[in-house]
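Down below is the structure, laid out as structure tokens.
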Amino acid sequence: MASKGTAALEAMIEEATVDAYGDDEQLTGLFTMIEEHLAVPFTTTVLGVEVTVRKVDLTADTIVAVCVRGRHRQRVDLLDLPLPTPAPVGAVWVDAYRHWAGR
């Protein structure tokens, strides 16, 4: 979480969750901001293997990155996904999500 300070991340979280009443609605608000602002596709390394993140998706309780390598496809929790350096445009919303989740 190197790109923004705590106050800035909390302001982003407030923007994403302003009308949300519970964790599920807050998660949906954060997902919406990530989906709108995170530039995909981008490449990163997962367990020593280069993959392409094609999109983000919302599950019942988390946000996942859909990672592709050749014919193989794997969903990786966005909380656990290593971001490349330099980070893709909009990655600050991933930072905000991680801050919201306590990571």
Could I get the full list of side-chain contact (heavy atoms from CB on, under 4.5 Å) partners for Thr6, not counting sequence neighbours? Glu10, His99
Which side-chain N or O atoms in residues 66-84 pair as donor and acceptor under 3.5 Å with protein atoms at least two apart or in another chain?
unit_1, atom_1, unit_2, atom_2, d
Arg69, NH1, Glu50, O, 2.9
Arg75, NH1, Asp57, OD2, 3.2
Arg75, NH2, Asp57, OD2, 3.4
Asp77, OD1, Thr62, OG1, 3.1
Asp77, OD1, Leu79, N, 2.8
Asp77, OD2, Thr62, OG1, 3.1
Asp80, OD1, Arg103, NH1, 2.9

Looking at residues at least two apart in the chain, or sitting in another chain, which of them share a side-chain contact (heavy atoms from CB on, under 4.5 Å) with Glu14? Val18
Output every pair passing ring pair (Phe, Tyr, Trp, His ring centres under 6.0 Å) with a member in residues 75-98, not counting sequence neighbours, ordered by first then second residue. His37-Trp93
Distance, nearest 0.5 Å, that separates CG of Leu27 from CD1 of Ile63: 5.0 Å
Indicate the atoms forming the closest heavy-atom contact of Ile13 with Ala96, along with that distance. CD1-O, 3.4 Å
Can you measure from CG (Leu9) to CH2 (Trp100) and round to the nearest 0.5 angstrom? 14.0 Å
Distance (rounded to the nearest 0.5 Å) between Met33 CE and Met12 CE: 7.0 Å
Using the salt bridge (charged side-chain N to carboxylate O under 4.0 Å, His left out) rule, collect all pairs that involve residues 18-42, keeping only residues at least two apart or in two chains. none
Could I get the full list of side-chain contact (heavy atoms from CB on, under 4.5 Å) partners for Val40, not counting sequence neighbours? Leu38, Phe42, Val53
Heavy-atom nearest pair, Pro88 first then Ala39, reads CB-O, 3.8 Å
